[in-house]
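Shown next, in structure tokens, is the structure this report addresses.
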Amino acid sequence: MTRLLSKDEPIPYDLLLLADEFVEVIDKYIFDSEIYVYEEGDRIIALYALYKIDSEEAEIKNIAVDSEYQNKGIGKVLLNEATARAKEKGFKTLAIGTGDAMMIQLQLYQKAGFEMDMIKKNFYLDNYPTPIYENGLRLKHMVVLKKKLDR
Ligand code: ACO
């Protein structure tokens, strides 16, 4: 289970930077997000940032698992937990966005019940200071996936 990081605790940029490569991009959403952290002992090893878009919709702006702990099922647990939290808070839809070349993430989110909803064209060209390459492809567009939160 995760806990909400309090406002007076340091923001775990080391983890956030695994999902989003630039602090200046993270800073556009992180101060308006709730950060839920997953700990082993007193060490934060994973997190997600939940951002309110409007009264109906929330978005997971960032999800990251420490590289030592990846591919052990924690990401899946966090996605399910974020879904439950967003539902509990009364949102009707939960969104998550990722790059067009992020194959593992696109698969993981669809397996967790998110469906492709729209493309933010040129998002990575317009919002990031330098090119980002993933799986040998330059990230260009953001794929936004959404999940309906049935009551
Ligand atoms: N290679 C192949 N498959 C993988 C890998 C990998 N490196 N990592 C995860 N998977 C697959 C698993 O096999 C599993 O598939 P299955 O359900 O068919 O068994 C599925 O993805 C879920 O795996 P988890 O172990 O739950 O995923 P994990 O704990 O590693 O979390 C995450 C996934 C968050 C993407 C993590 O790997 C990570 O932090 N990566 C770096 C940061 C990142 O890319 N964050 C997302 C950016 S988009 C955003 O933040 C909105």
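Read the numbers this way: they start at 1 and go in the same order the structure lists the ligands and their atoms.
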- request: Using heavy atoms and a cut-off under 4.0 Å, could you grab the residues that are in contact with ligand 1, chain by chain, numbers ascending?
  value: Leu18, Ala19, Ile60, Lys61, Asn62, Ile63, Ala64, Val65, Gln70, Asn71, Lys72, Gly73, Ile74, Gly75, Lys76, Ile96, Gly97, Thr98, Ile104, Gln105, Leu108, Tyr109, Lys111
Lys121 atom NZ, neighbour heavy-atom count above 12 within 6.0 Å: no
List, one per line, each side-chain donor-acceptor pair under 3.5 Å for residues 47-54, sequence neighbours excluded.
| from | atom 1 | to | atom 2 | distance (Å) |
| --- | --- | --- | --- | --- |
| Tyr48 | OH | Glu81 | OE2 | 3.1 |
| Tyr48 | OH | Arg85 | NE | 3.1 |
| Asp54 | OD1 | Glu56 | N | 2.9 |
| Asp54 | OD1 | Glu57 | N | 2.9 |

message: Under a 3.5 Å cutoff, is there a donor and acceptor pairing between the side chains of Tyr124 and Asp100?
response: no
message: Check this for me: Glu115, atom CD, are more than 12 non-hydrogen atoms of other residues, nucleotides or ligands nearer than 6.0 Å?
response: no
- prompt: Looking at residues at least two apart in the chain, or sitting in another chain, which of them share a side-chain hydrogen bond (donor to acceptor under 3.5 Å, both in side chains) with Asn80?
  reply: none
query: Quick one: side-chain hydrogen bond (donor to acceptor under 3.5 Å, both in side chains) partners of Asp126, sequence neighbours excluded?
result: none
